[in-house]
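In what follows, a structure is listed as structure tokens, so that the remarks can point back to it.
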There are 2 protein chains.
Amino acid sequence: MTADPAAGLPEAVLRPVRGHHAFEACVEQLATAMRLGVYPLGSVLPPERELAARLQVSRATLREAMAALRQAGLVETTRGRGGGTVVTLKPRSPSARAAARVSPERRADWLDSLDFRRVIEPGAAALAASLPLSEPARAQLQLALDDVTTARRPADHRQADSRFHLTIATLSASPRMVEAVTSVQSALHEMLLAIPVLETNIAHSDRQHAAVVRAILAGRPERARAAMEEHCDDTAALLRGLVG
Amino acid sequence: MTADPAAGLPEAVLRPVRGHHAFEACVEQLATAMRLGVYPLGSVLPPERELAARLQVSRATLREAMAALRQAGLVETTRGRGGGTVVTLKPRSPSARAAARVSPERRADWLDSLDFRRVIEPGAAALAASLPLSEPARAQLQLALDDVTTARRPADHRQADSRFHLTIATLSASPRMVEAVTSVQSALHEMLLAIPVLETNIAHSDRQHAAVVRAILAGRPERARAAMEEHCDDTAALLRGLVG
DNA sequence: GAGTAAAGGTCTGGGTTCATACCAATTTTA
DNA sequence: TAAAATTGGTATGAACCCAGACCTTTACTC
């Protein structure tokens with residue numbers, strides 16, 4: 001008799017070993033970073049050699065990605081000292097394009113990201129609240145919150161919101177957490193762009209953001225978690241019906 | 001004036017674009033699956049073509065990985081119909097090898113995985129508890145629990161434990177969750193092997209496992225989360241000192 | 001104005017990976 | 001016993017990716 005593989009596990013555990021081609025992955029990462037406002041309109045990307053090192057690809061490959069971004073109009077490049085690549089991607093508002101053209105796989109991934117988010121982001125907030133935060137860190141968090149609340153146009157608000165959530169993740173000081181939140185925010189961003197959503201209740205959302213920040217700064221993990229959970233639940237409720 | 005990239009975020013968000021060489025990633029995934037008991041000793045792996053499709057690599061690349069596993073003595077292969085690749089890797093007991101030879105990066109990753117685990121596994125348990133589970137799913141969970149409690153040798157217990165946690169993740173029905181738990185369990189497994197740990201308190205651990213299962217089967221998300229959190233905290237407390 | 005520094009642009013040789021066939025061994029089945 | 005089916009084994013040419021060196025443009029410094 002030979003042993004059986006554990007029922008059901010193999011299918012779930014063995015995953016595609018890498019997304020796609022390296023240069024596509026670079027395009028994806030950089031475009032995501034720009035869309036989420038990590039590199040907002042007008043900011044300048046690091047030099048090619050540095051970016052290549054950070055993404056652990058050769059400069060040749062990174063340059064292919066850059067060429068694609070340039071061609072797509074997301075960035076512009078100038079040569080010479082003091083030159084570099086600046087972001088020209090303007091934050092987009094939610095468009096009226098129907099979500100009908102979305103593939104079932106993507107739709108499933110979106111729904112998954114909502115479930116995952118409800119675990120990961122409250123966890124990140126709680127973790128951040130449980131750590132002793134440096135003064136600069138506290139200031140950074142407060143600044144990220146202010147950016148969200150003062151953003152006027154919806155597109156700017158969207159980017160500031162992503163940055164806010166990413167900032168909390170970085171404060172948790174856990175690389176895996178940052179990666180998870182980045183992934184989730186990217187999916188969220190896609191959903192919000194693809195869905196002709198009623199102007200979300202920004203005031204409501206901002207109150208929840210503020211509550212999360214208060215709890216983190218006060219060092220109250222459970223409270224931070226609960227506040228973020230509520231925030232995720234409200235957002236998810238809004239979206240779940242529209243993509244289902 | 002040009003916009004600045006959001007302070008601190010770029011460094012955290014831009015991550016290496018892939019784990020380099022596809023065949024190494026395949027080796028890693030397969031070896032992990034075997035070590036964690038997803039494919040226990042004596043089980044037979046899926047045919048090469050199927051594995052290649054699942055990992056989304058070419059068969060040539062997958063075969064390179066297989067050759068490495070074969071050479072390392074983890075698997076054996078026979079040809080012809082009914083042939084295939086069987087697992088020959090015997091589960092290892094925690095060895096007395098000191099953890100001193102571990103690189104600082106790995107050590108940091110280990111500590112990170114403990115923080116991350118405290119968020120992800122309780123979240124997975126809660127999510128699973130919040131879903132209506134099919135009868136086979138309930139049976140699978142119960143079976144996984146029984147495997148842990150009845151395992152005699154420490155090495156078998158270790159594998160059954162990994163399988164138990166992975167099973168909960170799959171019941172949460174979230175691919176991202178499964179991936180996160182797999183990553184965390186892999187790190188945990190490394191730590192437990194590298195550290196000459198006192199025989200952990202298996203009875204205590206089993207009681208906690210049982211509590212988690214009860215909560216999940218009863219459909220009590222908060223209780224499941226709390227039980228799993230306690231379990232993670234206890235394990236982490238044991239490990240944190242030894243690797244720090 | 002000459003020189004240096006910092007950035008993007010280009011080239012080359014070699015290793016990896018891919019897709020797609022086709023071959024060989026072995027068991028099942030007709 | 002012969003044919004079919006399933007599985008691992010092999011081969012080939014194209015596309016991709018890498019490391020490193022070198023060139024060009026531009027701004028700052030002396």
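Below, chain A is the first sequence line, B the second, and so on; all start at residue 1.
Nearest to the side-chain atoms of R81(A) among the listed nucleotides dC17(D), dA27(D), dA5(D) stands dA27(D). With dG9(C), dT7(D), dC18(D) as the choices, the nucleotide that has an atom nearest any side-chain atom of P47(B) turns out to be dT7(D). In this structure, of dT17(C), dG8(D), dC18(C), it is dG8(D) that holds the atom nearest to the side chain of T85(B).
Across all their heavy atoms, L51(B) and M66(B) have their closest contact at CD1-CE, 3.8 Å.
Under the 4.0 Å criterion applied to side-chain N and carboxylate O atoms, R158(A) and D161(A) are assigned as salt-bridge partners. Note on D115(A) versus R240(A): salt bridge recorded, some NZ/NE/NH1/NH2 to OD/OE distance being below 4.0 Å.
Within the 4.0 Å cut-off from OP1 or OP2 of dC18(D), at least one side-chain nitrogen or oxygen of T61(A) is found. When the side-chain nitrogen and oxygen atoms of R59(A) are compared with OP1 and OP2 of dC22(D), none of them lie within a distance under 4.0 Å.
With rounding to whole Å, E48(A) atom CD is found 17 Å from dG20(D) atom P. Rounded to a whole Å, the CD atom of E50(A) is 13 Å from the P atom of dA6(C). Summarising the geometry, the separation between CZ on R49(A) and P on dA21(D) is reported as 12 Å, rounded to the nearest angstrom. The CG-P distance, from L51(A) to dA6(C), rounds to 17 Å in whole Å. When rounded to the nearest whole Å, the span between CD of E76(B) and P of dT7(D) equals 19 Å. With rounding to whole Å, Q56(B) atom CD is found 22 Å from dT16(C) atom P. Taking atom CZ of residue R63(B) and atom C1' of nucleotide dT12(D), one finds them 16 Å apart after rounding to whole Å. The NE2-P distance, from H21(A) to dT16(C), rounds to 17 Å in whole Å.
Within the model, atoms CD1 of I120(B) and CE of M177(B) stand 5.0 Å from one another, a figure rounded to the nearest 0.5 Å.
Relative ring orientation between H209(A) and F164(A) is described as tilted, the plane-to-plane angle lying within the 30° to 60° band.
Residue G82(A) is out of contact with every strand shown, counting any heavy-atom pair closer than 4.0 Å.
With DNA chain D read from its 5' end, the first of the two nearest nucleotides for E24(A) and G80(A) is the one closest to E24(A).
Side-chain N/O atoms of R79(A) and base N/O atoms of dT26(D) include no donor-acceptor pair closer than 3.5 Å.
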